[in-house]
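Below is one structure, written out as structure tokens; the observations come after it.
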Amino acid sequence: MPELPEVETLCRQLNEILPGEKILAVEVLDPRLGTTEDEGLDGRKIERVYRQGKYIRIEMGKRSQDPGISGPEKGRGKIKQKPSDDRLTAALHLRMTGRLLWQTGSEPAPPYTRLVISFAAGRLILIDPRRFATFCVRPSETAPALVENPLEGLPPHHLKKTAEKRRLPVKSFLMDQRFVAGIGNIYACEILYHAGIDPRRHAGSLSDAEWRKVQKASAAVLPRAVECRGTTVSDWRDLFGMSGENQNHLEVYSREGKPCRRCGGMIQRTKIGGRGTWFCPICQK
DNA sequence: TATAATGTTAGACT
DNA sequence: AAGTCTAACATTAT
């Protein structure tokens, strides 16, 4: 479900709420998530939330030694600091149908709730019908530091160099998280439409000028989608259950048979790498 | 009932 | 050997 703009939306909203909040309880309702409840999260304060590709990373401080909560023997004065009591990070990936919802008050958890993290101010709920989402405490620090962040621009030279000799479709290249972090099916289709490039082209066949068009296209498409708080075509909602607005700006995705707004021709659908792919055969060469 | 869905990846195939 | 392709994961909606 969520791609870069949707994940970015959630991270910004979480950052308005969570920093300074202390975790009171963690409930894991789906064993497939990849976490258990005793990973030592209780009592930690959230420091910040940020996006890495499509991952939501949550940075936490050391475990609280507040006697009111954990009740260690008083007067002993000496509190052991285990390594597990150091600061730590968790990484959440929503995959296809994951959603986050912020609840205050005592509403019941919605259907398909897989994880609940409770704070004094409210609780953070992970909803995920298809159960592909993952929540990993202490994710491997093999951070893809070299991966480009499309919100900070995609250097055309670097793209060209990386794509050199590759014969996979340029659309698959853009969606490969090892090369570019955050682009998924909707925005790959939209970016290539804006760039005027046929998604079936081999990645290695694009010229410098064409990679520059890709850069310009992503610089236009992605920040606007963030401003619109994401694309709601089926079930995407932000942290507060609100739909996004970017579906009003889609030019090709899910518009098979409808007229291209630039040339009037008919938008076509095909399949690339097993994924639905929409494009205008007249505008995209 | 068959197909497709905003993601990733292990294994098969070139 | 490295690059590319496909099926699989689990579930709902059309």
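Chain letters run A, B, ... following the sequence lines, proteins first, then strands; residues in each count from 1. Computed over heavy atoms, backbone and side chain alike; hydrogens, waters and symmetry mates excluded.
- Salt bridge status for R87(A) with E47(A): present, with a side-chain N to carboxylate O gap under 4.0 Å.
- Not counting sequence neighbours, R130(A) has no partner by the salt bridge (charged side-chain N to carboxylate O under 4.0 Å, His left out) test.
- The cluster map of Ile, Leu, Val, Met, Phe, Trp and Tyr, joined by side-chain heavy atoms under 4.5 Å apart, puts V137(A) and V116(A) in different clusters.
- Taking the side chain as every heavy atom from C-beta outward, F173(A) and L159(A) approach each other to under 4.5 Å.
- Looking at Y187(A), Y193(A), F279(A), W278(A) one by one, the single match for ring pair (Phe, Tyr, Trp, His ring centres under 6.0 Å) with Y253(A) turns out to be W278(A).
- As a whole-Å value, the separation of M96(A) CE from dT3(B) P is 17 Å.
- Within a 6.0 Å sphere centred on NZ of K54(A), heavy atoms belonging to other residues, nucleotides or ligands number more than 12.
- With a 6.0 Å radius and a threshold of 12 heavy atoms from other residues, nucleotides or ligands, K45(A) has its NZ atom at or below the threshold.
- The shortest distance between the side-chain N/O atoms of Q177(A) and the OP1/OP2 oxygens of dT8(B) is below 4.0 Å.
- A heavy atom lying under 4.0 Å from DNA chain B marks the following residues of residues 269-276 of chain A, by number: R269(A), K271(A), R275(A), G276(A).
- Atom CE in M175(A) sits roughly 15 Å away from atom C1' in dT6(C) (whole-Å rounding).
- Residues satisfying the side chain to side chain donor-acceptor pair (under 3.5 Å) test with E227(A), not counting sequence neighbours, are none.
- With both ends at atom P, the span from dA1(C) to dT9(B) equals 23 Å, rounded to whole Å.
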Below 3.5 Å is the cut-off: list the nitrogen or oxygen pairs between protein and nucleotides 10-12 of chain B, distance only.
none

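- In the model, K271(A) has no side-chain atom that pairs as donor or acceptor with a side-chain atom of T277(A) under 3.5 Å.
- Environment of NE2 in H249(A): crowded, with over 12 heavy atoms of neighbouring residues, nucleotides or ligands closer than 6.0 Å.
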>> Could you write out DNA chain C as dot-bracket? Rules: Watson-Crick or G-U wobble, both distances under 3.5 Å, brackets [ ] for crossings, | for pairs with another strand, dot for unpaired.
In response: .||||||||.||||
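- Using a cutoff of 4.0 Å between basic side-chain nitrogens and carboxylate oxygens, R261(A) and E251(A) are scored as salt-bridged.
- T97(A) and D128(A) share a side-chain donor-acceptor pair at under 3.5 Å.
- Across the protein-nucleic acid pair, E256(A) atom CD and dT14(C) atom P stand 17 Å apart, rounded to whole Å.
- Pairs passing the salt bridge (charged side-chain N to carboxylate O under 4.0 Å, His left out) check and including a residue from residues 183-204 of chain A, sequence neighbours excluded, read D198(A)-R200(A), R201(A)-E210(A).
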> Going through the distances and angles, do L174(A) and V214(A) end up as a side chain to side chain contact (heavy atoms under 4.5 Å, CB included)?
Replying inline: CA-CA 10 Å; L174(A) 289 178; V214(A) 170; 4.2 Å; yes
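- Salt-bridge annotation for E8(A) and R12(A): present, with a side-chain N of the basic residue lying under 4.0 Å from a carboxylate O of the acidic one.
- Across residues 232-245 of chain A, V233(A), S234(A), D235(A) each have a non-hydrogen atom less than 4.0 Å from an atom of DNA chain B (numbered order).
- Contact check for F119(A) versus I23(A): side-chain heavy atoms found under the 4.5 Å cut-off.
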Quick one: which protein N/O atoms are closer than 3.5 Å to N/O atoms of nucleotides 2-5 of chain C? Pair and distance per line, please.
{"unit_1": "dT4(C)", "atom_1": "OP1", "unit_2": "R167(A)", "atom_2": "N", "d": "2.4"}
{"unit_1": "dT4(C)", "atom_1": "OP1", "unit_2": "L168(A)", "atom_2": "N", "d": "3.2"}
{"unit_1": "dT4(C)", "atom_1": "OP2", "unit_2": "R166(A)", "atom_2": "NH1", "d": "3.4"}

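- Note on H93(A): every side-chain N or O is 4.0 Å or more away from OP1 and OP2 of dG7(B).
- Two residues are said to be in side-chain contact when any heavy atoms from C-beta on lie closer than 4.5 Å; Q268(A) and E256(A) fail this criterion.
- A heavy atom closer than 4.0 Å to some atom of DNA chain C occurs in no member of residues 185-194 of chain A.
- Within the 4.5 Å cutoff, the side chain of I197(A) has heavy atoms near those of the L206(A) side chain.
- Every side chain to side chain contact (heavy atoms under 4.5 Å, CB included) that P259(A) has, sequence neighbours left out, goes to R255(A).
- Distance CZ (F173(A)) to C1' (dT8(B)): 18 Å, rounded to an integer number of Å.
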If you restrict it to nitrogen or oxygen atoms, what contacts under 3.5 Å exist between nucleotides 9-13 of chain C and the protein, and what is each distance?
{"unit_1": "dA10(C)", "atom_1": "OP1", "unit_2": "R32(A)", "atom_2": "NH1", "d": "3.3"}
{"unit_1": "dA10(C)", "atom_1": "O4'", "unit_2": "R130(A)", "atom_2": "O", "d": "3.0"}
{"unit_1": "dA10(C)", "atom_1": "O3'", "unit_2": "R131(A)", "atom_2": "NH1", "d": "3.1"}
{"unit_1": "dA10(C)", "atom_1": "N1", "unit_2": "R130(A)", "atom_2": "NE", "d": "2.8"}
{"unit_1": "dA10(C)", "atom_1": "N1", "unit_2": "R130(A)", "atom_2": "NH2", "d": "2.5"}
{"unit_1": "dA10(C)", "atom_1": "N3", "unit_2": "R130(A)", "atom_2": "NE", "d": "3.1"}
{"unit_1": "dT11(C)", "atom_1": "OP1", "unit_2": "R131(A)", "atom_2": "NH1", "d": "2.6"}
{"unit_1": "dT12(C)", "atom_1": "OP1", "unit_2": "Y112(A)", "atom_2": "OH", "d": "2.8"}

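- With sequence neighbours left out, R167(A) forms a side chain to side chain donor-acceptor pair (under 3.5 Å) with no residue at all.
- Counting only heavy atoms from C-beta outward, the side chains of L24(A) and I117(A) never approach each other to under 4.5 Å.
- Only the P atoms considered, dA10(C) is 15 Å distant from dG11(B), to the nearest whole Å.
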